[in-house]
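Reminder, nothing fancy here: chain letters follow the sequence lines and each chain counts from 1.
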Amino acid sequence: MQRSFDIAVIGGGVVGLAILRRFAMAGLSAVLLERGADILSGASKGNSALLHTGFDAPAGSLELACMQAGYAEYIAIRDRLNLPLVKSSALVVAWSEEEGSKLGGIVAKAHANGVADVRHVAREELLRIEPQLSPAAKAAVLVPGEHIIDAWSAPLAYAHQALAHGAVILRHAEVTGGEFVNGVWTLAGKAGPVTARVVINAAGNFGDLVEAIARPSPFTITPRRGQFVVFDKPASQLVHTIILPVPAERTKGVVLFRTAFGNLAIGPTAEDVTEREVAATDTATLEKLKSRALEMVPALQGIGVNAIYAGLRPATEHKDYVIEALPGRGWITVGGIRSTGLTASLGIAQHAAGLYVTHFGALPNPVEPIWTPVPNLTEVRPRPYMQGGEIVCHCEWVTRGEIERALEGPLPAGDLGGLKRRTRAMMGRCQGFNCSAHVEAIFREKIHGAA
Amino acid sequence: MERRDAIIIGGGPAGLSAARRFSELGIAATVLEREQQAGGVPRHCGHLGFGWQSHRRIWTGPRFAAQLRADSAALDVRAGHTVLGIDGDILRVQNARGIHEMAAGKILLATGTRETPRAPRFVGGSRPRGVMTTGALQANIYLQNFAPFARPVIIGTELVSFSAILTCRHLCIRPVAMIEAKDRISAPRPGDLVAQFVYGVPVWTRTKLIAIEGRSQVEAVEIEREGSHERVACDGVIFTGEWVPEASLLVNRPKVTLAGNVHGALKTSGACWREGRAIAEKMAGELA
């Protein structure tokens, strides 16, 4: 196995994968080291899968710049990677007179951020756009550019494109230390030593621990837990846009949104936790989320809950992302990428490539891009079952062929979670009552060769 | 477009017995079954207790399912056919070759029922492996010969919860306990005594599951027992019962007749079989 690279990216979340893709496509040899059994095992596993315009991001922030660059690149490449875009737009809904008084400021900020089509919407128009919304709504701000994407297929596509350009992805490859000698990093860890001229820390919820390999970390991660409740598919008929709250000081607040897979979800909460890895849910919070959804859309009453989940976002004491190069240390820090990371990832990758050019050398001439379209899991593009085949997961109409393909190729699912994220098998209303034994048997047979 | 007098969605006990009755009455009926094999839930209930009401025999579930398939061998039963949606009298049907439409004079929905899994019960904690419903457990054990855990806890005390104990015993899995939030078990007594003294599984009533712990596999559950919280070591959680109809095809309120466990209180496979026959007879009268 190749052990020596130009670039080593630590962390196989959406940010690390977008960075890997960018450097691999620029012609550098690049490796990615992921501690989990599969990519997207950490912060990228549980988010709200929204493509943000940056209308409410801090003015002049790196976060805003990366979001807007990332948004533009996603739109530019998505067709060639077969990635969905569910055009939904968003409404920032005021539920009190006090919140209503803040809407003008939100519009002004959006315009200052360059999101020119954001506008105020009076109550009458709001309820025309969203007739199922509770009449308690006062007014809103319409953000036409906010959309819904598939949070797992996008980074999977970035991974595949990176692999097609010669990158290497190592899983079960936790990095435990490293030494920088004569301009070369030697990283130690579970996958054995790997050397690289430049290391990029995209370790998400472990970012400060990984940063300590290079220097005392200038940031501390306090994982921020976000819990979600996902309603069954009929719920998605009730709401068309993404319903955002008027933001509080600390977070964007609880959002009601359709998913790219035809569900309706509410979340995330924002709870500071110490646990970096396991995102747990709790009954009281889930009940509260469900009640909040029913308050906002009373017609949700009686529609079943399909899934509950929680994610951990890598929050730090800093308001903005921490992205910087350490010249002379062969290191680029990409830390504190919170809920906007999915949107911003491609922009962050562009920015990281810029830092590389400034501090570590020119990029080779890029080769002709190889496009690696990923299987589509959403109803907005054709899905495999439409062409026939044996449906194994009956709630989400996942075929045997899709499951088998997800377990083959250069980046087969590393665990059942990875298989779910690649296919949606077992993620529907029955949560595996019908198919889980069958799907898991296919998994065991393909991965372990056991019948 | 192919048109049939009657289309039955679901090839379990209710659907197959209805098809047979339709055929006896001279009505052209088709059964559409989404699995690769008809027979329904009894296919993965490996213990005895099936067949008495229909065949005056006592069989295991798979044996009963095989008999139902044999009884309908001459009928038009199409396995591997998923009904994606119903619009008036038109069904959108998916199979190995793609999607096509069929028209039906009458539609009988016999899609059965499923247990409530963890998510809608809002049981908190982490998401380790080893959490499943009885149905999934049975499919693991009887269809895949795979033991997903060794010492699970069983949530619920309905009849199916006792089926979970029997299913576990098939691969020498020893449940730690059965947990029931109410004052007494849901199944008829002395089910609790049988569980405790015949199968060695203690039944804890007035006990609520709060959360599941574990990183890759379940490591413990947190329970609330008569007001106090306890941590019980285990490596699996079986959510049993709390049946919900498999009724997603009813979303747009199509004009269909229901048979079997897709409606009403939970029925045995024998009762579903009898209901399928009776309802087919009634529908045949309407078709004539």
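- Heavy atoms of B:R97 lying under 4.5 Å from chain A belong exclusively to its backbone.
- Counting non-hydrogen atoms of neighbouring residues, nucleotides and ligands closer than 6.0 angstrom, the CD atom of B:Q217 exceeds 12 such neighbours.
- Residue-level contacts of residues 225-244 of chain B with chain A, in order of numbering, are B:W243; threshold 4.5 Å between heavy atoms.
- Looking at B:V123, the atoms closer than 4.5 Å to chain A (heavy atoms on both sides) all sit in the backbone: N, CA, C or O.
- Ranked by heavy-atom pairs under 4.5 Å with chain B, the list A:K233, A:Q431, A:Q387, A:E390 is led by A:E390.
- Aromatic ring orientation, A:W152 versus A:F261: parallel (interplanar angle below 30°, classes split at 30° and 60°).
- Contact annotation for B:E246: only side-chain heavy atoms (C-beta onward) come within less than 4.5 Å of a heavy atom of chain A.
- B:L143 does not touch chain A: none of its heavy atoms, backbone or side chain, sits under 4.5 Å away.
- Interface residue A:S436: only side-chain heavy atoms are found under 4.5 Å from chain B.
- In this structure, chain A has a heavy atom under 4.5 Å from the side chain of B:Q36, while its backbone stays farther away.
- With a 4.5 Å cut-off on non-hydrogen atoms, A:N306 touches chain B through its backbone but not through its side chain.
- In this structure, the side chains of A:S44 and A:P155 stay at 4.5 Å or more apart for every pair of heavy atoms.
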